[in-house]
Amino acid sequence: MEKSNSIAILVIHGIGEQDPFETLENFTGKFWDELKSYYPQMAQRGINKVKARDKWTQNYISLNTGVEYPSTVDIYEYFWAYKPQGKVKFNEVVEWLVKTSLGAGKFYKQYFNEHPEKRKKYKEAAPDMFKGDDFVKYGYLQYIGWAIRILSWLVSFMPTNLKWLISPPLKWFEQKAIDYLGDVVVYTTTDMKSPYFATRSEILYGAVEEIKTLMLDERYNKIVVVGHSLGSVIAYDALNRINHALNLGTIKPKPIGTITGLVTFGSPLDKVAFFFSEITHEEEELRRQILAHYHSFRILPIDKSKMRHQLEESFKPMLKDVQWINYWHPNDKVSGPLDFYLVDDNIEVEEKDWTVSHAHNNYWKYGKMYKDIVERFFI
């Protein structure tokens, strides 16, 4: 089958209560409008196409540009929201908040010791986040966790009639915490002994298979991966595993270069970096290097200059030409510029009317982001 001049986009949603095809709806409308402004001869109607997959049928949207290149743009979604449902309990979310705070503090202390230039940058931008040279930004998660613990304990001592009044809003709060943070609790589990590890692996390798399928599809000579919120973490993690596969030969060298773009927005990658780089003791030189090599896709290299035993990295950067664009807004407390990774462009969204409560989901409606995506990857 002769390769055509088509481009595929894979969009990966973040945390929440998404329904099937909701991600396609959120992304495609604004993207289509922007694409038409550059290709006025575009067909006014897209096509809902289907592709046979193992044990299921995949739906995607195909847009005909009316020009030779790109002749069509096919937009896919990776829907994973149902996989962690019902796996996490409220008390486990609370425990996660406390442990995350403590674990992050240790990780960033180690990280800033290795990268003093990053410590200097962070201290200049947010001096209140430091106590001396120690990074204390994640302390608030620990406080939230303990506050919820204390509140739950106090409720247990309330009179029955008072419990009856407070029970509905408390259950609503618990369910929302599970719906949103539960996904994060499951996906940031890297301990193979955890009961959530199998679910995390299923989410991750589902994304890997989606990308691999597109890479092996002769219709596409370009693929752009898009991830929002936790979806950006899944996208990053999946591309890291794709890099493994290309090195190991489980994906043939032929598709190299077909993944041309990674677009992340509302991304917490910096905030969850420590989950994918286990804390190691200073004397664990070999283990530390192995972990760094394993999670090596576009991440800042570790400092080996003072290590007695140095390992050469065997994984080659097969996806080094992927252009990575990250969008973030100051009022989005989930995201930020990605300083722990080799990102090509961290773009601050300068929309003053984005409130803290809405900023994290406003990217889907941000026209300038779609304009930028079209200009970078489709013109």
- What pair of heavy atoms forms the shortest contact from Asn240 to Tyr294, and how long is it? ND2-O, 2.9 Å
- Item | Minimum heavy-atom distance between Ser232 and Leu269, given as atom pair plus value | O-CD1, 4.0 Å
Gap separating the [atom1] atom of [X] from the [atom2] atom of [Y], nearest 0.5 angstrom:
X      : Y      : atom1 : atom2 : value
Phe79  : Glu210 : CZ    : CD    : 12.5 Å
Ile251 : His244 : CD1   : NE2   : 12.0 Å
Lys212 : Ile259 : NZ    : CD1   : 11.5 Å
Leu63  : Phe31  : CG    : CZ    : 7.0 Å
Thr258 : Ile223 : OG1   : CD1   : 4.0 Å
Lys36  : Gln41  : NZ    : CD    : 12.5 Å

Are the side chains of [Y] and [X] in contact, using a 4.5 Å heavy-atom criterion?
X      : Y      : answer
Phe265 : Ile347 : no
Thr260 : Val322 : no
Trp80  : His13  : yes

- Task: Run through Val233, Ile15, Val334 and flag the one making a side-chain contact (heavy atoms from CB on, under 4.5 Å) with Val184.
- Result: Ile15
- Item | Val225: which of Ile234, Ile242, Ile12 passes side-chain contact (heavy atoms from CB on, under 4.5 Å) | Ile12
Salt bridge [X]-[Y], side-chain N to carboxylate O under 4.0 Å:
X      : Y      : value
Arg200 : Asp237 : yes
Arg376 : Asp372 : yes
Glu375 : Lys371 : yes

Between the side chains of [X] and [Y], is a donor N or O closer than 3.5 angstrom to an acceptor N or O?
X      : Y      : value
Arg298 : Tyr236 : no
Asp332 : Ser335 : yes
Asp74  : Ser62  : yes
Trp328 : Ser267 : no
Glu313 : Ser296 : yes

- Task: Please name the residue in the list Tyr327, Phe378, Phe27, Tyr38 that meets the ring pair (Phe, Tyr, Trp, His ring centres under 6.0 Å) test with Tyr370.
- Result: Phe27
- With sequence neighbours left out, what residues match Lys51 under side-chain contact (heavy atoms from CB on, under 4.5 Å)? Arg53, Gln58, Tyr60, Tyr76, Thr213, Leu214, Asp217, Arg219
- is_close_aromatic(His360, His329), centroid dist under 6.0 Å: no
- Trp354 ring center within less than 6.0 Å of Tyr363 ring center: yes
- Determine, step by step, whether Asn326 and Thr264 satisfy the side chain to side chain donor-acceptor pair (under 3.5 Å) criterion, reporting the C-alpha distance in whole Å, the side-chain angles of both residues, the deciding distance to 0.1 Å, and the verdict. CA-CA 5 Å; Asn326 178 62; Thr264 55; 2.8 Å; yes
- With distance as the sole test, does Ser229 use its side chain to make a donor-acceptor pair with the main-chain N or O of Gly231 at under 3.5 Å? no
- Item | Gln289 side-chain N/O to Glu285 backbone N/O, donor-acceptor pair under 3.5 Å | yes
- Query: Other hydrophobic cluster members with Ile290, side-chain heavy atoms of Ile/Leu/Val/Met/Phe/Trp/Tyr under 4.5 Å, chained?
  - Reply: Leu286, Leu311
